[in-house]
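For reference, the structure is listed below as structure tokens.
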Amino acid sequence: MPPLTAQHVTTQHDLENQIRDFLAAHDPSTVDRTDFLRARFDAGLAWLHYPPGLGGQSLSRDLQPVVEQAFAAAGAPDNDPRRIGIGLGMAAPTILAYGTEAQQERWLRPLWCGEEVWCQLFSEPGAGSDLAALATRAVPDGDDWIVTGQKVWTSMAHEARWAILVARTDPDAPKHSGLSYFVLDMTAPGVEVRPLRQITGEAEFNEVFLTDVRVPDAHRLGAVGDGWRVAQTTLMNERVAIGGGSAPRETGMIGVLADTWRTRPEVREPALHDRLMTLWVAAEAARLTAMRLSAQLAAGQPGPEGSAAKYAFATLNQQLSGLELELLGEEGLRYDDWTMRRPDVVDFVGRSPGYRYLRAKGNSIEGGTSEILLNIIAERVLGLPGEIRTDKDVAWKDLPR
Amino acid sequence: MPPLTAQHVTTQHDLENQIRDFLAAHDPSTVDRTDFLRARFDAGLAWLHYPPGLGGQSLSRDLQPVVEQAFAAAGAPDNDPRRIGIGLGMAAPTILAYGTEAQQERWLRPLWCGEEVWCQLFSEPGAGSDLAALATRAVPDGDDWIVTGQKVWTSMAHEARWAILVARTDPDAPKHSGLSYFVLDMTAPGVEVRPLRQITGEAEFNEVFLTDVRVPDAHRLGAVGDGWRVAQTTLMNERVAIGGGSAPRETGMIGVLADTWRTRPEVREPALHDRLMTLWVAAEAARLTAMRLSAQLAAGQPGPEGSAAKYAFATLNQQLSGLELELLGEEGLRYDDWTMRRPDVVDFVGRSPGYRYLRAKGNSIEGGTSEILLNIIAERVLGLPGEIRTDKDVAWKDLPR
Amino acid sequence: MSDELLYSEPEEELRAAVADLLSARAPWSAVLARTESAEPYDADLWKALGTGIGAAGLLVPEELGGAGASLREAAVVAEELGKAVAPVPFLGSLTATALLLALPGCDAQLRRIATGEQTAAVAVPFSTLPGNGRRNTVSVTPWPPKDGVTDARLTGRVTGVADALPADVLIVPADGSLYAVQAVDVTRKAVTSLDMTRVLCDIELEDTPGELLAIGYSALDEALTSAAAVLASEQLGLAERCLATTVEYVKTRHQFGRAVGSYQGLKHRLAQLWVQIAQARAVARHAVSATGDERAIAVAVAQAHCSAVAVLAAEECVQMHGGIGFTWEHPAHLYLKRAKSASLALGTAARHRARLAELVGLPAS
Amino acid sequence: MSDELLYSEPEEELRAAVADLLSARAPWSAVLARTESAEPYDADLWKALGTGIGAAGLLVPEELGGAGASLREAAVVAEELGKAVAPVPFLGSLTATALLLALPGCDAQLRRIATGEQTAAVAVPFSTLPGNGRRNTVSVTPWPPKDGVTDARLTGRVTGVADALPADVLIVPADGSLYAVQAVDVTRKAVTSLDMTRVLCDIELEDTPGELLAIGYSALDEALTSAAAVLASEQLGLAERCLATTVEYVKTRHQFGRAVGSYQGLKHRLAQLWVQIAQARAVARHAVSATGDERAIAVAVAQAHCSAVAVLAAEECVQMHGGIGFTWEHPAHLYLKRAKSASLALGTAARHRARLAELVGLPAS
């Protein structure tokens, strides 16, 4: 966290007073959780950088920790941010940027309070890295749109009330210009959610099949044909969490491995010691780099540097978890459980060595493949020329697939 | 070497008789070296697979070792094949394939006998991997061509009598179709050879500046505009030597490194032992693969698999020589000699550790960069699609440079 | 020597027979379905392969009903099994056969193996490095073995044994000797294994009758060396299949209007993988051909190299398939789990490098 | 703590001053030309840098005529020197200064360094791992040092010393103590060095007068640790320059009708290099900021990481320039030789990893 400015310090005092008053009026130990969160939202103490009336006070993001710490210290309930991460991190900023007043009022409060879970319907089997190639169709019908298609890699779809959706409204336009952005009611008829089992045996994600699902035009975000631009706002906020921030030394996979090496002398393979130390150095370098990035970007938007952090994180996790199995030898030949399950939370370093190894394979695919991240760095940071593109000006329907 | 067929065996007897007779008539201990080689050429005992009259007997290549061993056993002089490698390996097959009778008679005998050294004028500063982009111009003038341009990476240019040359005869044609192939007299006016010093301090190669050099049209190989096709014959024969063939275990750079480790216990760094052994395994794998390739291709042409051998060789040499310096530590900070020299022969594993490290950097550039070799494997072996090409149908003069 | 690095015509014929069988009877979807069944090994497939094609008796002399072939032929079978990640106890059976062949008086047992009447396995942890099979976890009474007495009682536990679940006979190293034990006399508990297509088991012996086969472990070390050599070919086959599957996919998968296989980033990685697989083929062939002092070196090289190549191939297969490669419904995970497990089996690559260092006189310090 | 990973405004001003000087006075063509001259170090440039900009007295307290700055500022200077592979004895001078600052009674010497009157160097092999400077190659008479007697005679040989050729004073570790020796009193023989821009020398002492500075080597270990920390920043600067030069080149070099920098194979490698350089910046900053127990860890991490990154950057620079990068007339080889030499200097990466393992409690066995 950067040092607070003088302005901040004044505001911080004021905030602390507000929170004191709020807590006096709403005793966390007696008030109902939802009531408490709603009141906190209405008091503008939810997300400070949001405007008044929508849970904030148009203050700097830097002050948010002040509020969080004060509420945590008072033993106040939180909105379980892991569960509603997609709503908080992706849907909300997009609704704030593109939503009408009515849309913002309808969706933001229950979103922040955790009363309504959101999910994201972007990726499709045929449109992974090349998101703009997506094929899900939205056809106008009176005041509604009729949506048909298949979405994939949707976490929380089975618990979500709402989804942010990008669909093709004009197949004759080039692929980026024929898209529109909608909010879809996951309880509407024609929405079918199926768990998508992954190589670990469990299913964190879902496939979502949309068959003639009706979406009111009032649930469109941004103009018709402007869906790509709107989606950029959503995606800009996606690559932040992984790999960034400040963490103590030996956090994550390196911590697991170092712990194994320290506490179980029988698995120490002297031949692999230098590789262990090379990865230890790489983990420490990635950690310090994330800290440096946090310091640089404290108040700013995530830039392409976030791509580097995610790339490094994925590479490292895969190397470390691979080495862990190699050290364990016989033990590495076992697995904990192949039963199909739906985990509540995903812990990359949890469960067993085999799980860690397999789960880490997803780190270089989910939320932007490592290849795409390297492209981003090469083009946006280093300014290297893009690939020759043949798909930008052709009608979507005429593209090779 | 593959087992000889029954046909071979008969021929082998016959050959042995021929050689016995030849040696009886030309005692290597008394006959002058050049006379001996000329006589051997005229007897069809030079390169067996060449036609009668041009040093051979149209026999299988597989029988060549029979001749070489017999002459070597008799203490006969050889034609110093290292010195005339470009002539033997590249010029001769091209002259054989495309030369007129007169051209073959003029050039092949002194070439094989080592009386005339050849060099290759293909690469240019602006046309490295993309050889077909070359800019050296040949303009017709009566029965001659006037050649102007700059060539680079020419070994033996300072000793060569003749050069094989590719030059642009039609700048308005697409780049592959505007080229023609010539034999250039290195003693002609307008040919200037300058040593090209490299990172090791010495100069194995030359730059060759051609200023209005006259080349008789009679020295053209193949049709006007057909130079690219003719050059393919030359290049097909280039990537054979490096990385192929049969060699004993621990030949080359791995031998140097293993020897250092064995004989100098004080440089053994236990942390680097596993890396040493990983490279040892890689060297052994490359060696066995080259042997397997030789067995496969014993009678055939070098295919794209040769690219793999060269790629592996370059990578390995660089890793091994890098590790050698790391093991040596303080000693690795020293170099033997930066003096500009013109080496007679190039020994990748010779001189000093620093020299080996630096010289190995060239292995992934000379004779096809590692990147180009990987492209070849990807496209010709794996059948992956080529890059989108924008330069194939455009007039050469209009290409971006 | 270089011809031994190629495949002979009979070897190619054997390969074709195995490949035909596997493509008909063990497509990956069937292999995947079996991983969730109660019978992780495919008994019918093993019968067709073992006795139909004769893979079970490959090493057994013709006069005992086998094919009298060598490790080279076994390796060709293993390549095809690796491609299919087929759930059959070929490797374990081969190991036991190689061991029995080196012991005196085992003709009857070998005949039963060749006819398919019985399948055998060696009861050592699958992770055992050849030459390192001496960790004693089973004890014997009476001890020491008495002259002429070949019956004993074994008690103890061997964990993580491959291919023992479908075996009828187990060869158990105990107190420095080798004993034959009937599988029905021991408790075998299937292990939830990382490689779901080669399910390991833990074996409990409690006063289990055992027949003394031999005193000393040197034959065991040689048999495990043979197993490691053949495993390298299995790893080669798996790597080849991963590469082929991936190349096929990137030719057809389009992103940004182009086949993803036209991007140089992927092309170069696939070409590098091809180079390593071509090398794996040479070292794997050498490992099953070498004899004398050369054999231990060749096998250590093959295990060190092929373990890494198979894992790399499977990892690239997952990655280059993108999201679909991370799902249960695509074969990539079967290859990944087999490859990673195989890299830990019969000694990790690092342990083979350490062993190699001893063999070629390059001590660590 | 995370702010220490950034550059302060004064640091950026210092960087700009050094960069301006170097671009005016030490373009790579001049650096290359000097490598073949009789004076491998650039005395004029060192004067302009050392006293003009004040780099020589950076660590010296203001009251002794210096800048009273820290290793952080020195590291910024080193980054720029790394970019230019500049032939000045900054690192050696810094090491000597750091050492003298830790010793009692060296004010006069420090003042002379800050004014530029004298340049000092520490006479240890450049390859020395901090904490490993104890290999004794110089002997002293009288021995042991007598109470109050600060004059001694030194005899012996120190090989491969960096930045000693242009030094006036040498600090020589001998028989467990540190002595100041006048450079004119020893024989210095220039070594044909892999890094032609930092020419090493071998030093011979024969009954050379030395002034006892301190007993014990702990200050020496600390000074070498500081040198290693600053060297990481030099490696960072070099890597940055290699990347920038290469990126510039691949944007303009066309092959097959396209800038070669548009091929994904090269793009991905350059992006990976950028990721590693970004990490090098973070670890290098931390190495010159950390204190207490953290310092040794931070320096070992920085040396392990930055050594590899600088070598990779230089190697990629050569490779991606193709033929031209392999010639004497292109700066790539200057970077390559500096990078490889720097990776061997003050302990190789492997030795720093081994040291780190001790510090963080991860023993090899």
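Only this structure's heavy atoms are used, side chains among them; waters, hydrogens and symmetry mates stay out. Letters go in sequence order (proteins before strands), and every chain restarts at 1.
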Do [X] and [Y] pair up side chain to side chain, a donor and an acceptor below 3.5 Å, judged on atom types alone?
X       : Y       : value
Q319(C) : E315(C) : no
Q318(B) : T315(B) : no
E294(C) : H286(C) : yes

Indicate yes or no: does [X] engage [Y] in a salt bridge with an N to O separation below 4.0 Å.
X       : Y       : answer
R72(C)  : E4(C)   : no
R281(C) : E79(C)  : no
E371(B) : K267(C) : no

Interchain contact, P270(B) with chain C, by part (heavy-atom threshold 4.5 Å): both
message: Using heavy-atom distances under 4.5 Å, tell me whether T278(B) contacts chain C through its side chain, its backbone, both, or neither.
response: both
Pick from [options]: which one has the most heavy-atom pairs with chain C under 4.5 Å?
options                   : answer
P385(B), A258(B), S370(B) : P385(B)
A285(B), A282(B), P265(B) : A285(B)
D274(B), V381(B), L272(B) : D274(B)

- request: Look at the side chain of R356(B) and the backbone N and O of G350(B), then say whether any donor-acceptor pair between them is shorter than 3.5 Å.
  value: yes
field: Option that, when pairs with chain B are counted at under 4.5 Å, heavy atom only, ranks first among A364(C), A300(C), S262(C)
entry: A364(C)
Top contributor to chain B contacts, counting heavy-atom pairs under 4.5 Å, from A282(C), P363(C), S365(C), A350(C): P363(C)
At a 4.5 Å cut-off on heavy atoms, which part of [X] comes close to chain B: side chain, backbone, both, or neither?
X       : answer
A259(C) : side chain
V360(C) : both
L266(C) : neither
R258(C) : side chain
Q272(C) : both

task: Answer yes or no on whether R241(C) is positioned over the face of Y335(C), meaning its NZ or CZ is under 6.0 Å from the six-membered ring centre and within 45° of the axis.
output: no
